[in-house]
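It should be emphasised that the depicted structure is a prediction, and the values quoted were computed from it without experimental measurement.
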Amino acid sequence: MKKQATIFDYVGQAFLLFGVIVVLLMLISQVFGSDVKEYSIMFSLGNEGLTTDLLLQFLSISIIITGLNVIFASDKFIKTGSKALRISGLLGSIILIMSLYIYFFHWFPMNSITPWLLFFLMFFSSFGISVAVVLWKERLENRQMEEALKRVKAQLEEDLNVKDH
């Protein structure tokens, strides 16, 4: 039986995503910040940290992505469509939103190929890691359910054997 999600679950998901993004940005800032601070407004403080504006932008992205995930994963909003189609729609939507943020907030030059390649590399790497974690968690939960089902079956068989004697 699946638990009904609450607003707190969605807020938790948004803040988890935000936390992961901020940790990645901090790592990038520490490693490359001084080298790219003139090139990207995202790292305008070099390796000294991240600006409040940038953190708020990524908080809003986290909230938007969580909302998109709810829409694309829920049967309430999208009645039909395969899992692959939903995931493709989610990915396309996230890439569109991220591209709009890159454009409107001038995170890096629009006409330079290197930052775009790095963006897509990071995006698909993090997506791949996320998918791997979700699949691992699902396998673990399925294994736990199978073990619980075996215990219930064994208990039922034991109870039936006791009643037969």
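For the side-chain contact (heavy atoms from CB on, under 4.5 Å) with Met42, the qualifying choice from Leu25, Leu50, Val36 is Leu25, the only one to do so. Between Phe108 and the choices Trp116, Tyr101, Tyr39, Phe43, the ring-ring contact (aromatic ring centres under 6.0 Å, His included) rule is met once, by Trp116.
Distance CZ/Phe18 to OG/Ser60: 9.5 Å, rounded to 0.5 Å. To the nearest 0.5 Å, atoms CG (Asp9) and OG1 (Thr66) are separated by 11.5 Å. Separation of atoms OG (Ser62) and CD1 (Ile21) is listed at 3.5 Å; rounding is to 0.5 Å.
Summarising the local packing, CZ of Phe105 is surrounded by more than 12 heavy atoms from other residues, nucleotides or ligands at distances under 6.0 Å. The number of heavy atoms from other shown groups lying within 6.0 Å of CD1 (Ile41) does not exceed 12.
Using a distance-only test at 3.5 Å, with no hydrogens or angles considered, a donor-acceptor pair links the side chain of Ser40 to the main chain of Trp107. Checking side-chain atoms of Ser112 against main-chain N and O of Pro109 turns up no donor-acceptor pair under 3.5 Å. Side chain of Ser44 to backbone of Glu38: no donor-acceptor contact under 3.5 angstrom is found. Checking side-chain atoms of Ser99 against main-chain N and O of Ile95 turns up a donor-acceptor pair under 3.5 Å. Panel note: side chain Asn69, backbone Ile65; no donor-acceptor pair is recorded below 3.5 Å.
Between the side chains of Asp159 and Gln155, at least one donor N or O lies within less than 3.5 Å of an accepting N or O.
Within the 4.5 Å cutoff, the side chain of Ile87 has heavy atoms near those of the Phe127 side chain. No side-chain heavy atom of Phe32 sits less than 4.5 Å from a side-chain heavy atom of Asn47.
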